[in-house]
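Below is one structure, written out as structure tokens, with a few remarks after it.
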There are 2 protein chains.
Amino acid sequence: MSEDGGAPTLRDVARRANVSLATADRVVNRRAGVRPVTIDRVEAAVRELGFERHAGAAALARRTGFRVAAILPRLANPFVARLAEELGEACRIEGQRRLALTLHEMEGFAPEPLARAVRHAAEAADGIVAMGLDDAEVGAAIDAAALRGVPVVTLVSDVPGSARHRYVGIDNRAAGRVAASLVGRFAARPDGRVLVVLGSRNLRDHRDRLEGFEAALGESFSGMRICGVAEGRDDVASTREAVREALDRWGAPCAIYSAGAGTSGLADALADAAIRPVVIAHELTAETRPLLEADRLDALIVQDPGHEARSAVRILMAALTGTAVNDDQERIRIEIILKDNLPK
Amino acid sequence: MSEDGGAPTLRDVARRANVSLATADRVVNRRAGVRPVTIDRVEAAVRELGFERHAGAAALARRTGFRVAAILPRLANPFVARLAEELGEACRIEGQRRLALTLHEMEGFAPEPLARAVRHAAEAADGIVAMGLDDAEVGAAIDAAALRGVPVVTLVSDVPGSARHRYVGIDNRAAGRVAASLVGRFAARPDGRVLVVLGSRNLRDHRDRLEGFEAALGESFSGMRICGVAEGRDDVASTREAVREALDRWGAPCAIYSAGAGTSGLADALADAAIRPVVIAHELTAETRPLLEADRLDALIVQDPGHEARSAVRILMAALTGTAVNDDQERIRIEIILKDNLPK
DNA sequence: CTGTTAGCGCTTTCAA
DNA sequence: TTGAAAGCGCTAACAG
């Protein structure tokens with residue numbers, strides 16, 4: 001204990017180990033240039049006193065801030081727009097005034113440009129947060145950044161197999177399973193046909209949702225069948241058109257799982273066809289909220305963009321300064337929103 | 001802007017207003033003893049520079065910490081135990097080493113002792129977080145604390161009408177509505193009878209859940225009827241007994257909404273009677289998790305105790321130091337947990 | 001390799 | 001009513 005009864009400080013550690021503050025700091029922060037014997041002495045003192053670095057004080061003392069680059073698809077999608085906004089806010093709040101954010105909005109969100117953006121950001125930033133794309137070149141760019149000591153956090157959509165520092169987002173396979181449970185129980189037709197609408201099969205997160213959906217439907221509601229999968233390119237107009245075609249081709253389903261964006265296009269196509277199957281969609285935005293309120297949708301499967309942004313920033317900050325994260329706090333929930341628990 | 005391009009500091013404000021750092025601090029923190037003219041000058045500078053207090057630095061500089069008292073029912077209930085644990089953790093992390101927590105566990109959680117505990121805590125602590133009870137005497141104790149300048153945050157269960165600084169917890173009426181939607185859609189029997197199990201009708205949160213449940217069932221599933229309400233005193237053994245009696249008296253329902261604790265007692269009573277109606281219960285704990293995993297339960301309506309504890313502590317800290325809170329971050333969600341989105 | 005010293009942005013004595 | 005100065009716990013030069 002430090003003499004005054006409070007938590008032990010680095011000064012206490014230094015005194016106990018008979019070294020200067022600077023040396024204690026070197027050891028605690030694993031900086032080079034300390035004799036092994038000294039390291040041992042300091043580490044012993046740390047252990048004996050139960051010293052824990054005061055992250056706030058450390059952030060304050062550090063003169064030089066960090067540059068973080070955020071790479072996101074075009075902000076037309078309301079969910080992505082919200083994410084961008086929250087990232088800015090989170091840098092201000094969680095970053096202790098030491099994080100400068102640069103936002104890179106990508107026109108076409110494709111592997112090659114994304115990989116380029118990551119490579120570029122790795123030169124200009126100390127940390128990167130990027131919405132991922134499951135692609136080898138993107139993975140390679142991330143690996144290269146990591147090798148340079150630039151941590152990259154993947155957001156919402158992961159790049160599995162890469163050296164990304166961490167993935168912040170939901171388990172999309174599990175989200176698909178939740179959708180299947182909801183469809184199965186809400187539709188109340190043990191033999192119904194269900195339509196799935198995706199942004200694109202090339203998006204890892206959408207594919208994962210589809211897989212989880214198929215698996216859970218097969219296990220728990222084996223009488224129900226997926227009659228078809230439409231791709232709406234995460235865009236309102238395209239989705240409306242894709243759903244119209246799907247209805248023509250496969251007839252009216254008893255339920256629809258919309259795993260991508262462009263949900264209001266889906267709702268409009270249903271209105272056009274004058275049918276109202278059970279509908280489960282994703283994300284709570286200015287686009288989907290009124291649909292749920294008006295009972296044109298049964299449930300929304302949601303991830304909180306504010307939480308995701310804060311989490312990504314906290315994790316990056318921790319990686320950059322070598323502090324610990326509270327995993328429990330960083331777990332992104334798969335939320336189920338009904339009309340009844342719609343937040344105000 | 002401060003000359004170096006970073007965010008403006010109090011020093012910048014002081015320079016601009018032609019006063020010392022100390023005076024600028026006095027104005028910004030609304031301390032007494034500054035001439036009105038000076039106040040105006042400083043406030044103008046604050047506005048012009050867009051100054052915002054750096055909370056971390058302020059916490060660091062403050063020598064004297066705060067004492068916070070937490071008042072909770074007996075920790076036998078696993079949800080409450082978790083809450084207590086998380087409160088300790090949150091004080092360490094969010095409290096910037098400046099929050100000393102004292103936990104008061106109450107044997108019988110009744111209005112009179114609770115009011116006494118609040119009155120007592122108001123003498124010994126700078127801030128209070130307490131699980132509330134909707135009672136006039138408790139309200140009066142809270143009002144008295146507030147009058148002394150000791151903010152009290154109500155946790156999980158509110159004391160409406162009192163001067164509590166803030167309520168941290170879910171909207172229980174809405175939670176009851178969610179339960180009704182789930183029961184209505186999962187039971188798939190437009191004419192079924194449903195049993196409600198409560199801890200006690202005297203608990204405000206349970207009563208709110210019941211009200212929300214009744215209202216939503218009436219609106220959306222008007223064929224279904226509540227056949228009875230049992231009280232299990234939030235205890236496993238009592239709940240088992242109460243449910244057994246309820247089944248005897250009212251017969252087997254098609255669904256059960258368990259709004260209180262003691263859920264495994266309910267599950268056991270159902271096993272005893274060899275029936276398996278749709279069951280919706282509350283809170284994810286070591287007690288309820290296995291029930292959901294084993295399909296002895298259909299869904300759990302959950303509030304995250306870790307989030308609630310961190311939120312309560314952040315809000316108390318903000319009140320104590322006069323800083324702002326991010327409302328969005330402090331909103332406690334009504335989570336719906338199915339077997340498929342059960343966190344690891 | 002190690003220590004000394006000057007801060008980070010703010011609060012808090014103590015004097016004036 | 002106001003200001004000067006010390007310091008919270010840590011980092012980052014700069015010497016030695």
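Just so it is clear, the values below take in all heavy atoms, side chains as well, and ignore hydrogens, waters and symmetry mates. Below, read A as the first sequence line, B as the second, and so on, with proteins coming before strands; counting in each chain starts at 1.
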Identify every side-chain donor-acceptor pair in residues 305-316 of chain B under 3.5 Å, counting partners at least two apart or on other chains, and give the distances.
from, atom 1, to, atom 2, distance (Å)
B/His307, NE2, B/Gln329, O, 2.8
B/Ser311, OG, B/Glu330, OE1, 2.7
B/Arg314, NE, B/Glu330, OE1, 3.4
B/Arg314, NE, B/Glu330, OE2, 2.8
B/Arg314, NH1, B/Glu94, OE2, 3.4
B/Arg314, NH1, B/Gln329, OE1, 3.4
B/Arg314, NH2, B/Glu330, OE1, 3.0

I need the A/Arg331 CZ to A/Asp171 CG distance, nearest 0.5 Å. 11.5 Å

Sugar-phosphate atoms are those with a prime plus P, OP1 and OP2; base atoms are the rest. Using that split, label each nucleotide of nucleotides 10-16 of chain C B, S or - for protein heavy atoms under 4.0 Å, 5' to 3'. BBB----

Can you tell me how far NE2 of A/His54 sits from OG1 of A/Thr9, rounded to the nearest 0.5 angstrom? 11.5 Å

Atom pair distance, as rounded to whole Å: CG in B/Asp40 and P in D/dT1: 14 Å

Separation of B/Arg15 atom CZ from D/dG3 atom C1', in whole Å? 15 Å

Considering just the side-chain nitrogens and oxygens of B/Thr23, establish if one lies under 4.0 Å of OP1 or OP2 belonging to D/dG3. yes

Side-chain donor/acceptor of B/Arg67 to backbone N/O of B/Thr102, under 3.5 Å: no

Let me know the distance between CZ of A/Arg98 and P of C/dC8, rounded to the nearest Å. 9 Å

Find the distance A/Gln96:CD to C/dG9:P and express it as a whole number of Å. 12 Å

What distance do B/Arg166 atom CZ and B/Thr154 atom OG1 have between them, rounded to the nearest 0.5 Å? 10.5 Å

Nucleotide C/dC1, atom C1' - distance to CG of A/Asn18 in whole Å: 16 Å

Can you check whether A/Thr38 has a side-chain N or O nearer than 4.0 Å to OP1 or OP2 of C/dT2? yes

Nearest whole angstrom, please: distance from the C1' of D/dG3 to the CZ of B/Arg35. 13 Å

Could you pick out which residue, B/Leu60 or B/Val19, lies toward the 5' side of DNA chain D when each is mapped onto its nearest nucleotide? B/Val19

CZ/B/Phe79 to CD/B/Gln303 distance, rounded to the nearest 0.5 angstrom? 4.0 Å

